[in-house]
Amino acid sequence: MQRLRISGTSLLGSFAVPHLKKKAMNSWSAVQDTYHSTKDTFERHRVVFAIGTSIASVATAWAGYSIRYLHQEKVDKRLAAIEDSMKSNYHLEHTELKKIYDSGNSRNAACIATAGVTLIIGYGLGWRGGRWYANRKFRREQMKLLGQIKPKRTPLQFLRRLRRQKAPETAPKTSPTLQKDAPYKNDSLQTRQQQLLGKLVQIACQAHVQRLLEQGTNHLKMANALTSIILVILFCRSAAGLRTRLFSNKDWVLDADEGICKLMVETQGYACEEHKVTTQDGYILSVQRIPVGRSGEASAERAPVLLQHGLLMDGITWLLLPPDQSLAFMLADSGFDVWIANTRGTKYSRGHTSLDPGDSAFWDWSWDELVSYDLPASFQYVHDQTGQKLHYVGHSLGTLIALAAFSQNQLLSMSRSAVLLSPIAYVGQMTSPLARNAADNFIAESLYWLGLDEFDPRGDAVVNLLKAICKKPGVDCTDLLTSFTGQNCCLNSSIVDVFLEHEPQSTATKNTIHLSQMIREGTLTMYDYEDEDENMEHYGQPTPPVYNMTTIPNDLPLFLSYGGQDALSDVNDVQLLLESLKDHDGDKLVVQYREDYAHADYVMASNAKRAVYDPLIAFFKLQ
C-alpha cells in the first residue's frame, strides 16, 4: 500500500510547479507536431498553408490537453477511492492497479478527437485562408512585375531572356525563300486543334450572348457585352497556347493581286499602285498609291499626302466608306497624290528580310519602333518617289507616332503639314471602359507571360459570331465599338459589315503593354522595361526617356480635330496636348472640336466629308 500511496501521491502531485515546465514542453512539442503534420497534409493537397491553420492547430491541441487534464483528475479520484477500499489488502498486484490507472480508452478518444478537430478546422481554414493568401501573393508578384513594387530583377525580364534562349530551337531562322515555301509542321494536328477550340469558344460565346439578348435590347449594354466577349475569346485562345495566324509561312508575303489596290481601290474605278518599303530593322511594309483621281487626269504638281492608320487597323481604314465619302478617294479627286501606309504586323505588312511572323523576334516592338523605323521609312520613300515634301494625316495611334517623331526633330525636313484626327498623346484620363479595364487588369502583360507575342483579335470565332449577331432583328451593331471608342454619332449600320470584313488587325503584344503603361501612369515615355538595368541598357538611364511635346517646332502647320464623345482621345487629355502647344504660331495651328464625334467617327462617319474632310482638304491647299 505504501507503493500505491507513493504512486498515488506522485500522480496527485503531477500538476505541481516542478512539473509545469515539463508539461509545457510536452504541450509545445504536441503543438509543433500538430502544426507540421497539418501542414504536410495541406501541401499534399497542394493548398497554400495559412496562418489561420497554425492558430487552429494550437487551439485544438490545447483543447485536447484540457480534456486530458480533466481525465487525469478523474483517474486520481478513482485511485484515491481504490486506495481507501484496499487498505486491508496489501497483496494487490501493482500491475493490476496499473491496468486500472492506465486505461487508455478515454485518452485515445481524446487524442483522436484532437487530431480530427485539428484536421477538419485546420483544413477548412487553410483552404479558405490559403486561397486568400495565394491571391494576395499573386497580386503582389504581379505588382512587382509591373513596376509598382520595384524588384532588382523582374520575372518578366527572365521570361523574355528564357524565350530568347529557346528561340533557335522553337523558331529556327531560314531564308525568306525557304520561309515562303515551307509548310507548317504538324499542320493537320494544329488545324484540328484550332477548329475544335474555335467551335468550343463559339458555342460558349453564343450561349452567353443569347442570355444577353434575352435580358433586353439596350444597345449600350449589348456593345459592352460584345466587346467583352472579344477579349474573353482572345484570352482563351491565348491561354490554350494556339497561335492563330492569318497566313501560313508560305503566304507571309502577298502577291500584288491580293493587295489593297485590287481589293479596295481598283474596284472603285481608281488607278492604284502597290509599293514595298523596307525599314532599317528589316520589316517590309506595304504602301498603296492612288496617283490620280477617278477622272484619270494628272496635274503637273500633285502634292503627296501620306495617310497613317491607328491601332488594330490597317490602310483600309481610309477606304471603308463609299468613294465620295472616303478620305483617300476624296484627296485623289481633289488633286493630291495619295499614299496609304500599313504598319508592321498588319495583314499586308507581315514581311521581313530574315524573320517570320511565327518568330517571337518578329513581334519584339512597340510604337517606339514605329516612330524610329516605320514612319521615317514611309516618309523617306514617298519623298524620294515624288521629290516633294509631304502632307500627313494620322488617326489615333497614327497621331501619336507623328507627334513623337516631330518632338525628336524627325521628319521635319520632309513635312509640309500634318493633320491629327482623334489625337493621342496623353492617355492617363482615358474613359474607354474596355481599354481602361484591360490596362488596369494587366491583360496585355498576362498575354505576354502566356507566350503570346502577337496580339491578334481577329479570330474566325469572333468574326463569325459578331456577323451572326448583327443580323439579328433589333440589334444595332453600330454600337459595337461604344465601350471601346465612345458613343459614335454617325455610323451607318452597313459600315459594320465592311469593317468586320477587313478589321481589326494584329499588333505586337509588347505594343499594347506600352500603351497600357501610358494609361496607368499617365505618362508619355518610351517603353518601360520595368527594370533599371535593362532601361539603362536600352536608354542609358534607369527610366525611359520622355517624349516632350513642347519641343515640336512652332512653325509646323498642324490641323487638330477631336470629339467630345471620344473615350480614347479624351477631351482632358487633348487639353494637355494643346497646353504643350500653347506657344505654337497662331496661323500654323488649327483646332477643330466636334461635340458629337467619338473615335471611330473620324474614319467611318457618314457625315465626315462635310464635318471634317472638307475643312482638312482646305487646310492642305493653304499650305
Side-chain angles (χ1 to χ4, degrees), residues 275 277 279-280 285 287-291 301-310 315 317-318 327-328 331-332 334-343 367-425 524 547-562 577-578 580-592 602 612-613 615-623:
H275 293 260
V277 176
T279 66
Q280 235 179 8
L285 310 179
V287 176
Q288 289 73 42
R289 182 187 190 184
I290 307 177
E301 287 290 334
R302 296 179 68 90
V305 180
L306 179 64
L307 306 180
Q308 177 62 59
H309 60 83
T317 296
W318 309 106
L327 181 58
L331 287 168
S334 300
F336 292 93
D337 185 3
V338 180
W339 297 77
I340 302 174
N342 297 268
T343 58
W367 61 263
D368 286 333
E369 281 68 32
L370 305 185
V371 174
S372 301
Y373 300 111
D374 286 32
L375 199 58
S378 299
F379 258 76
Q380 190 66 57
Y381 185 86
V382 175
H383 183 267
D384 292 344
Q385 291 290 314
T386 63
Q388 301 183 60
K389 289 186 176 182
L390 286 67
H391 294 295
Y392 177 83
V393 181
H395 174 246
S396 188
L397 186 68
T399 68
L400 174 61
I401 60 177
L403 288 168
F406 294 151
S407 72
Q408 295 187 329
N409 202 32
Q410 297 182 42
L411 313 178
L412 297 174
S413 62
M414 297 181 286
S415 299
R416 185 174 299 188
S417 68
V419 170
L420 311 174
L421 305 178
S422 290
I424 295 290
L524 180 52
Y547 289 104
N548 187 357
M549 295 293 101
T550 62
T551 61
I552 296 176
N554 294 333
D555 60 349
L556 175 65
L558 296 176
F559 179 98
L560 187 149
S561 183
Y562 65 108
L577 173 61
L578 292 175
S580 301
L581 301 174
K582 64 181 180 180
D583 295 328
H584 215 78
D585 295 348
D587 61 340
K588 299 295 184 181
L589 178 62
V590 177
V591 178
Q592 181 191 41
Y602 281 95
V612 180
Y613 298 162
L616 179 159
I617 293 173
F619 170 79
F620 280 158
K621 290 184 176 180
L622 291 175
Q623 308 309 316

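All values below were derived from every heavy atom in this structure, side-chain atoms included, with hydrogens, water molecules and symmetry-related copies excluded.
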| task | Using ring pair (Phe, Tyr, Trp, His ring centres under 6.0 Å) as the criterion, list what pairs up with His275, not counting sequence neighbours. | result | Trp339, Tyr381
| task | Test side-chain contact (heavy atoms from CB on, under 4.5 Å) on Leu370 and Leu397 and set out the steps. | result | CA-CA 10 Å; Leu370 305 185; Leu397 186 68; 4.1 Å; yes
| field | Asn548 side chain to Thr550 backbone, donor-acceptor under 3.5 Å | value | yes
| task | With sequence neighbours left out, write down each residue that passes side chain to side chain donor-acceptor pair (under 3.5 Å) with Asp384, or none if nothing qualifies. | result | Gln380
| Any pair counted as salt bridge (Lys or Arg N to Asp or Glu O under 4.0 Å), so long as it reaches residues 334-343, sequence neighbours left out | Arg289-Asp337
| message | Checking the side chain of Tyr613 only, and the main-chain atoms of Ala328 only, is there a donor and an acceptor separated by less than 3.5 Å? | response | no
| task | Could you pull out the closest heavy-atom pair between Phe379 and Tyr392, with the gap in Å? | result | CE1-CD1, 3.6 Å
| Parallel, tilted or perpendicular: rings of Phe336 and His391 (30°, 60°) | perpendicular
| What's the shortest heavy-atom distance between Thr386 and Val382, and which atoms? | OG1-O, 2.8 Å
| said: Using every non-hydrogen atom in the two residues, find where Lys588 and Asp555 come nearest and quote the distance to one decimal. | reply: CD-O, 3.7 Å
| task | Flag the pair Val393 / Trp318 as yes when at least one side-chain heavy-atom distance between them is below 4.5 Å, and no otherwise. | result | yes
| remark: In short, Pro291 meets Arg302 closest at the heavy-atom pair O-NE, 2.7 Å
| Considering residues at least two apart in sequence or located in another chain, which fulfil the side chain to side chain contact (heavy atoms under 4.5 Å, CB included) criterion with Asn409? | Leu412
| said: Show every salt bridge (Lys or Arg N to Asp or Glu O under 4.0 Å) that has at least one partner inside residues 370-383, sequence neighbours left out. | reply: Arg344-Asp374
| task | Would you give the length of the straight line joining atom CG of Leu524 to atom CD1 of Ile424, rounded to the nearest 0.5 angstrom? | result | 11.0 Å
| said: Between Tyr562 and Val591, is there a side-chain heavy-atom distance shorter than 4.5 Å? | reply: yes
| query | Taking only residues at least two apart or on different chains, which pairs with a member in residues 413-422 satisfy salt bridge (Lys or Arg N to Asp or Glu O under 4.0 Å)? | reply | none
| task | Could you tell me which residues satisfy side chain to side chain donor-acceptor pair (under 3.5 Å) with Gln385, sequence neighbours excluded, listed by chain and number? | result | none
Run the side-chain donor-acceptor check on residues 616-623: report pairs under 3.5 Å with partners two or more places apart or on a different chain.
unit_1 : atom_1 : unit_2 : atom_2 : d
Gln623 : NE2    : Phe619 : O      : 3.1

| field | Passing option when Leu560 is tested against Val419, Leu577, Val590 for side-chain contact (heavy atoms from CB on, under 4.5 Å) | value | Leu577
| task | Check whether any side-chain heavy atom of Leu307 lies under 4.5 Å from a side-chain heavy atom of Leu331, and answer yes or no. | result | yes
| field | Distance in Å, Glu369 CD paired with Thr343 OG1, rounded so as to fall on 0.5 Å steps | value | 12.5 Å
| How far does OG of Ser415 sit from CG of Leu390, to the nearest 0.5 angstrom? | 7.0 Å
| query | Has the side chain of His584 got a donor or acceptor atom that lies under 3.5 Å from a matching backbone atom of Asn554? | reply | yes
| Does Trp367 have any ring pair (Phe, Tyr, Trp, His ring centres under 6.0 Å) partners at least two apart in sequence or in another chain, and if so, which? | His514, Tyr547
| Over all atoms of both residues, closest heavy-atom pair of Ala425 and Met549 | CB-SD, 4.5 Å
| query | About how many Å separate CG of Leu403 and CG of Leu581, when rounded to the nearest 0.5 Å? | reply | 7.5 Å
| To the nearest 0.5 Å, how far apart are OG in Ser417 and CG in Leu558? | 8.5 Å
| Do you know which two heavy atoms are closest between Gly394 and Thr399, and how far apart they sit? | O-CG2, 3.2 Å
| Contacts of Ser407 that satisfy side chain to side chain donor-acceptor pair (under 3.5 Å) - sequence neighbours left out | none
| said: Measuring only between side-chain heavy atoms, which start at C-beta, is Ile401 closer than 4.5 Å to Val371? | reply: yes
| note | Sorted by chain and residue number, the ring pair (Phe, Tyr, Trp, His ring centres under 6.0 Å) partners of His309 (sequence neighbours excluded) come out as none
| note | Rounded to the nearest 0.5 angstrom, the CD-OG distance for Gln280 and Ser372 is 9.5 Å
| query | For Thr317, what residues pass the side chain to side chain donor-acceptor pair (under 3.5 Å) criterion, not counting sequence neighbours? | reply | none
